[in-house]
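Only a predicted model underlies this, so the values are computations on that prediction, with no experimental measurement involved. In what follows, every chain begins at residue 1, and chains take the letters A, B, ... in the order their sequences are listed.
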Amino acid sequence: MANVIFKDVHKRFGSFVALEKLDLDIHDGEFVALLGPSGCGKSTTLRMLAGLEFPTSGEIRIGDRVINDLAPGKRDIAMVFQSYALYPHMTVGENIAYPLKKRGIKGKARAEAVQKAAELLQLEALLDRKPKQLSGGQQQRVALGRALVRDPQVFLLDEPLSNLDAKLRSYMRAELIELHARLGKTMVYVTHDQLEAMTMANRIAVMHGGRVQQFDTPDAIYNRPANRFVAGFIGTPPMNQIDGTAEGDHIVISGHRIPFNRADFVDSLADGPVVLGVRPEFVAIGSGDGLPATVRLAENTGHETIVTLELPDQTRISARVEAARKLDVGQKVALRFDPAAIHLFEASENGTRLNLDETPAAVIPMRAK
Amino acid sequence: MTTLTTDPPRNGLSPLERAYARLGVVLITPTILVFLLVIVYPLLAALYLSVFQIYTPTLQGGFVGADNYIELLTGKAFWSSLRVTIVWTVGTLTLQIVAGVGIALLLHQNIWFRSLARSLVLFPYFLSTVVAVLVWKWLFNDLYGALNQGLMQLGIIDMPLDWLGSMPNAMIGVILVGAWKYFPFVVIAVLARLQTIPENLYEAARIDGAGPIARFWDVTLPQLRSILTVIILLRAIWDFKEFDLLYLLTGGGPVTSTQTLSLLVYQEAFGLNQMGQAAAYSVGMMLVMLVFMVLYIRQTKEKA
């Protein structure tokens, strides 16, 4: 079993707290993305799993083994770096063979393993080249080859696609998904690109300020964000967050009353300040009755138009409408929100979501084994 | 609209391009003049002098044709000095490289005295040769020297050694002082290169299962290869023609056992007052050094 468990892990660099109370339970064969802005602790998490950093306290396990004090080479992991970190003086073949060589695998067994990895990644024709002679995408595949050649229990990928151009990136994304399906290995993938995380991962750990904000499936992360940070981080454009006041069955925004179904929310939701969250695709732009707003910007991307709207209190929100819809800058409109698509958050800076539908906890409890 | 009348382009160059070319010529002229004066003229003068027998103080003498070169080829002096030069160069260069790379690796580590040590290590290189040699001469002194004193107290020797007056001690002595004086150059160059090796390579190697020694052979050394080639070639050229350190420390002695080619040329020109013969020796020395120079130029061209 190659599940990966972080249990109450803390990491400090001097007085700087990089990670606080990290609890993660990554299942065997799962593709997990660690997603967050820079400085959120995602790379530190991966590097601790790799053995390149050591936790200040807590326990990291792969399968049944506690690996806190194991050298990187003894953890049965492989890592792909953002910069690929290929050995520049070695050929592609020698690069891929290197981890085997260091483990004393010789002769035919080594050559066969290298051949197999090269075939899987279509590198056979490049085995005698030096990394310098390869394109970014090819170097990327060599780095993958070096990782998978010795069949590790866990693959660690540190922003492996961020040095590639957009086209190659989407191609390699598909390749990686396929590779994961074929190998069935546990993969931990660090990225700041939500698109990568959403499309590739079985589950995503959204991190911020050294804490896991939510650890759940892409669907849950998108549709049931645990708090305001997750809601504001996921989605392009992200979820709109509008300050309002709860009054009975209505949320009052700039004097306008928006009805909502109180039964869908936790009992502790009291009258008073709340934050209303709504995805841009659930903002309907019309006229007549509704929250009054002014069109400030309409960006047509070809298949849709992203509209930036200004509310009376000068809050800006976005809406997603079909490309054919014509809206003029300065035009006065009325907004309506689909009541079923309304999220409410505590009014604090990173307020918790108050909806009742299987609200995921910010910290996932450990699974009993 | 005004029409600009321009000269028809000559040699395919526009007037602006020609103006730039003229400026270029003006800018490099001083360099070329200095080069002619201090490099080309002495070189030609040496070639000229080498076919005369000339008494140094008067610079008078007669044409002797190839006699000086025949003496160089058939006499013992040149070949014996060439052998000494090679022993000195190989010995001191090896020590410089080994000590230089070793200390650079040490200073690349995160140790608390790193910044202090990095400045201190340059000390021998910046110290004037005369001062350094005077200090070393005292250390080597057979009667009062600290070196003999130390070795005797440690019980390694039981009689004071004559360091600079006997062989092979004198050669060992100059090689050691040469290595001490010039290893900082290697440290600086290697350290600069070490700092550019991406940390990721070491991390990848650790994950691939490479221990510290494997990481040195498989990551560090291959990355140092190109800079080491340049250092070795440069230092070989400089050590080969080293003069002041050897002249001051042993003066070529005992007898001629540490007399390198530079010292031989000096001795011939100003000791024996045979400027013609000295010029011939220096031409011979230059031909030997040409080998290193060609290698160096090839190496730097390859990189460019």
Task: Region of A:Arg75 that comes under 4.5 Å of a non-hydrogen atom in chain B - done: neither
- [ ] For B:Tyr20, look at atom OH and say whether over 12 heavy atoms of other residues, nucleotides or ligands are found less than 6.0 Å away.
- [x] no
- [ ] Tell me, out of A:Pro152, A:Gly73, A:Pro72, A:Ala78, who's got the most heavy-atom pairs with chain B below 4.5 Å.
- [x] A:Pro72
Task: Residues of residues 188-204 of chain B contacting chain A, heavy-atom criterion under 4.5 Å, by residue number - done: B:Asn200, B:Leu201, B:Glu203, B:Ala204
Open item on the list: Quick check: under 4.5 Å, non-hydrogen atoms only, which of residues 83-93 of chain A neighbour chain B?
Closed with: A:Ser83, A:Ala85, A:Leu86, A:Tyr87, A:Pro88, A:His89, A:Met90
Task: Exercise: identify the closest heavy-atom pair between A:Arg103 and B:Ile207 - done: NH2-O, 3.5 Å
TODO: State whether the number of non-hydrogen atoms from other residues, nucleotides or ligands found under 6.0 Å of B:Arg225 atom CZ is greater than 12.
DONE: no
Open item on the list: Other residues, nucleotides and ligands only: do more than 12 of their heavy atoms fall within 6.0 Å of CG on B:Leu154?
Closed with: yes
TODO: For A:Lys102, check salt bridge (charged side-chain N to carboxylate O under 4.0 Å, His left out) against everything at least two apart and list the hits.
DONE: B:Asp218
Open item on the list: Are there over 12 heavy-atom neighbours, none belonging to A:Phe81, within less than 6.0 Å of that residue's CZ?
Closed with: yes
Task: Nearest atoms (heavy-atom pairs only) where B:Ala214 meets A:Tyr98 - done: O-OH, 4.1 Å
TODO: Select all residues of residues 109-135 of chain A having any heavy atom within less than 4.5 Å of some heavy atom of chain B, and report them by number, or 'none'.
DONE: none
Open item on the list: Could you report the tightest heavy-atom contact between A:Arg146 and B:Asp208, atom names first, then the distance?
Closed with: CD-OD2, 3.4 Å
